[in-house]
Colleague: 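Shown below is the structure under consideration.
All ligand and atom numbering here is 1-based and tracks the order in the structure.
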Amino acid sequence: MVDADELRDLAEEIAREAGELARRRRDEGVRIADTKSALADIVTDADREVEALIRARLRDARPGDGFLGEESGAERGSTDVTWVVDPIDGTVNYAYGIPHYAVSIAAVTGEPGPEHWRAEAGVVFTPVTGELFGGARGSGAWLAGRRLAVSEATDAGALVATGFGYDPATHAGDLERVRAVMPLARDLRRAGAASLDLAYVAAGRLDGYFERGLHPWDHAAGALLVVEAGGRVGGAPGGRPGALMTIAAGPDVYAALDAAIYH
Ligand code: LIP
């Protein structure tokens, strides 16, 4: 058994330091280092530097844990804990200077894949506002000392966030799903950082979120926050969140989103 609260506390400490580094590098000017899966899928020098910092801090604090990071890949550990890290989620926002990005750090146990892992702790920190969303299994999700709770459906409809993949070939399908969801929505938001979309669902700032094509590091921390805030997170029908689909909301809005997307 692991102490999920301890894992959360360590993640919070490291996320704050990493987020401040990201913010400093943004102020100094950002260089695009490379593209990845598509021309629009960029990585900056700061992404790599911030992930290296997080990895070093985790290695110092918990040698032997596994690691799965967006920029440096996977390393199996000798303990049951794996850290799932997106050093700068919202990379395109970050590169353009749009102040909406976050450090996302999750600790999971068991097989280090989203279809099997057990999420233990999750932290999403955005240095722009200084907001740190943190949660641990069984201990709730919190922001600035306030316990978070997902929102309920409203007569006006649900405020729903979504996103679009980097590959233009996927946009037609993404837009079809937006068309299917619109009748239940009061409005849509597309802010560009999945971890913050999920944290906002946990905080009741969004009524729901759905997106196809996410990577494990995009949703690992935020999904735990939503569940600890009384919400539901899933994917394709009967599945867990993943590349096929991620849906997150309170129970009623979740059911409405799932029905609109899949039926
Ligand atoms: C991003 C997600 C966003 C999604 C983008 C991208 P990144 O992660 O946070 O929700 O729409 O396509 O996956 O690349 O900034 O870490």
Side-chain angles (χ1 to χ4, degrees), residues 15 18-19 22-23 25-26 30 32-52 54-55 68-74 83-106 114 122-128 131 133 160-175 177-178 181 188-202 205-206 208-226 233 235 241-249 257 261:
R23 189 184 53 74
R25 292 295 181 256
R26 176 56 265 179
V30 167
I32 309 296
D34 205 348
T35 59
K36 300 186 288 187
S37 64
L39 281 177
D41 186 2
I42 57 174
V43 56
T44 70
D45 289 329
D47 285 281
R48 291 172 171 169
E49 184 183 7
V50 170
E51 183 161 318
I54 294 169
R55 195 159 189 170
L68 172 59
E70 177 171 15
E71 309 309 341
S72 59
W83 295 91
V84 186
V85 172
D86 191 337
I88 299 177
D89 182 40
T91 297
V92 174
N93 287 348
Y94 184 77
Y96 274 75
I98 297 172
H100 189 78
Y101 59 90
V103 175
S104 180
I105 301 175
V123 168
V124 175
F125 175 61
T126 173
V128 175
E131 291 184 312
F133 302 84
V160 178
T162 190
F164 302 95
Y166 287 123
D167 178 359
T170 64
H171 290 169
D174 293 340
L175 288 171
R177 278 179 286 275
V178 166
V181 164
L188 288 178
R189 295 289 184 271
R190 197 300 190 237
S195 61
L196 282 171
D197 289 332
L198 289 161
Y200 283 15
V201 169
R205 295 178 179 175
L206 289 169
Y209 165 66
F210 71 98
E211 183 164 355
R212 182 208 55 77
L214 293 186
H215 295 289
W217 43 80
D218 292 321
H219 60 74
L224 176 128
L225 297 174
V226 171
V233 182
L244 287 179
M245 181 54 66
T246 297
I247 303 174
L257 285 171
I261 294 167

Colleague: Between Asp89 and Ser195 (side chain of the first, backbone of the second, donor and acceptor by atom type, cut-off under 3.5 Å), is there such a pair?
Modeller: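 Confirmed, Asp89 side chain pairs with Ser195 backbone.
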
Colleague: Please classify the Asp197 to ligand 1 contact at 4.0 Å (heavy-atom distances, strictly less than): side chain, backbone, both or neither.
Modeller: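 Under 4.0 Å from ligand 1, Asp197 contributes no heavy atoms.
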
Colleague: Sub-3.5 Å donor-acceptor pair from the side chain of Thr126 to the main-chain atoms of Tyr101, do we have one?
Modeller: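 Indeed, once roles are kept as given, a pair shorter than 3.5 Å links the two residues.
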
Colleague: Taking only heavy atoms of Glu70 into account, list the atoms of ligand 1 that are under 4.0 Å away from them.
Modeller: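 Ligand 1 atoms under the 4.0 Å threshold to Glu70: 14 (O), 16 (O).
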
Colleague: Got a donor-acceptor contact below 3.5 angstrom from the Asp167 side chain to the Ser37 backbone?
Modeller: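 Such a contact is absent between Asp167 side chain and Ser37 backbone.
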
Colleague: Using only heavy-atom distances, determine whether the side chains of Thr91 and Asp47 contain a donor-acceptor pair under 3.5 Å.
Modeller: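 Thr91 vs Asp47: donor-acceptor pair found between side chains.
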
Colleague: Salt bridge (Lys or Arg N to Asp or Glu O under 4.0 Å) with Glu49: which of Arg26, Arg25, Arg55?
Modeller: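 Looking at Arg26, Arg25, Arg55, the match for Glu49 under the salt bridge (Lys or Arg N to Asp or Glu O under 4.0 Å) is Arg25.
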
Colleague: Under 4.0 Å from a heavy atom of Gly192: which atoms of ligand 1 are those, numbered in the order shown and with their elements?
Modeller: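 Reading through ligand 1 atom by atom, the close ones are 3 (C), 9 (O).
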
Colleague: At a non-hydrogen distance cut-off of under 4.0 Å, which region of Thr91 contacts ligand 1 (side chain, backbone, both, or neither)?
Modeller: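 Contact part for Thr91 vs ligand 1: both backbone and side chain.
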
Colleague: Below 3.5 angstrom, do we get any N/O pair linking Gly163 and ligand 1?
Modeller: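 In fact, backbone or side chain, Gly163 has no N or O that close.
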
Colleague: Report the part of Arg212 in contact with ligand 1, treating N, CA, C, O as backbone and CB onward as side chain, heavy atoms under 4.0 Å; options are side chain, backbone, both, neither.
Modeller: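 Contact part for Arg212 vs ligand 1: neither.
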
Colleague: For atom 4 (C) of ligand 1, which protein heavy atom lies nearest, and how many Å away is it?
Modeller: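 For atom 4 (C) of ligand 1, the nearest protein heavy atom comes out as Glu211 OE2, 3.0 Å.
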
Colleague: If you apply the rule salt bridge (Lys or Arg N to Asp or Glu O under 4.0 Å), what do you find for Lys36 with Glu71, and how did you get there?
Modeller: CA-CA 10 Å; Lys36 300 186 288 187; Glu71 309 309 341; 3.1 Å; yes

Colleague: Of all the atoms in ligand 1, which lie at a distance below 4.0 Å from a heavy atom belonging to Asp86?
Modeller: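 So the atoms of ligand 1 that pass are 16 (O).
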
Colleague: Check whether any heavy atom of His215 sits under 4.0 Å from an atom of ligand 1.
Modeller: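 His215 does not count as a contact of ligand 1 under the 4.0 Å cut-off.
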
Colleague: Indicate yes or no for a side-chain donor-acceptor contact from Arg212 to the backbone of Gly242 under 3.5 Å, with no hydrogens or angles considered.
Modeller: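 Answer holds: no.
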
Colleague: Looking only at atom types and distance, does a side-chain atom of Tyr200 sit under 3.5 Å from a main-chain N or O of Ala161, one as donor and one as acceptor?
Modeller: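 Here the side-chain-to-backbone pair does not exist.
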
Colleague: Checking a contact table here: which protein heavy atom is nearest atom 13 (O) of ligand 1, and how many Å away?
Modeller: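 Atom 13 (O) of ligand 1 sits closest to the protein heavy atom Asp218 OD2, 3.8 Å.
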
Colleague: Taking 4.0 angstrom as the limit and counting only heavy atoms of Gly90, give me the atoms of ligand 1 inside it, by number and element.
Modeller: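 Contacts of ligand 1 toward Gly90, numbered from 1: 7 (P), 15 (O).
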
Colleague: Report yes if some N/O of Ala194 lies less than 3.5 Å from some N/O of ligand 1; otherwise report no.
Modeller: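 The answer is yes, given that Ala194 and ligand 1 share an N or O pair closer than 3.5 Å.
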
Colleague: Only one of Val84, Val123, Ile88, Val124 passes side-chain contact (heavy atoms from CB on, under 4.5 Å) with Ser104; say which it is.
Modeller: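 Among the candidates, only Val124 passes.
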
Colleague: When you compare ligand 1 with Tyr166, is there at least one nitrogen or oxygen pair between them that comes in under 3.5 angstrom?
Modeller: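 The answer is yes, given that Tyr166 and ligand 1 share an N or O pair closer than 3.5 Å.
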
Colleague: Quick check on contacts: which atoms of ligand 1 are under 4.0 angstrom from a heavy atom of Asp89?
Modeller: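 Those of ligand 1 that fall under 4.0 Å from Asp89 are 1 (C), 2 (C), 7 (P), 8 (O), 9 (O), 15 (O), 16 (O).
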
Colleague: Where do Val160 and Leu188 land on the side chain to side chain contact (heavy atoms under 4.5 Å, CB included) test, with the steps shown first?
Modeller: CA-CA 5 Å; Val160 178; Leu188 288 178; 3.9 Å; yes

Colleague: Check each heavy atom of Phe164 against ligand 1 and say whether those closer than 4.0 Å belong to the side chain, the backbone, both or neither.
Modeller: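 For Phe164, the contact with ligand 1 is made by the backbone alone.
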
Colleague: Looking at Ile88, which atoms of ligand 1 are within less than 4.0 Å of one of its heavy atoms?
Modeller: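 Contacts of ligand 1 toward Ile88, numbered from 1: 16 (O).
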
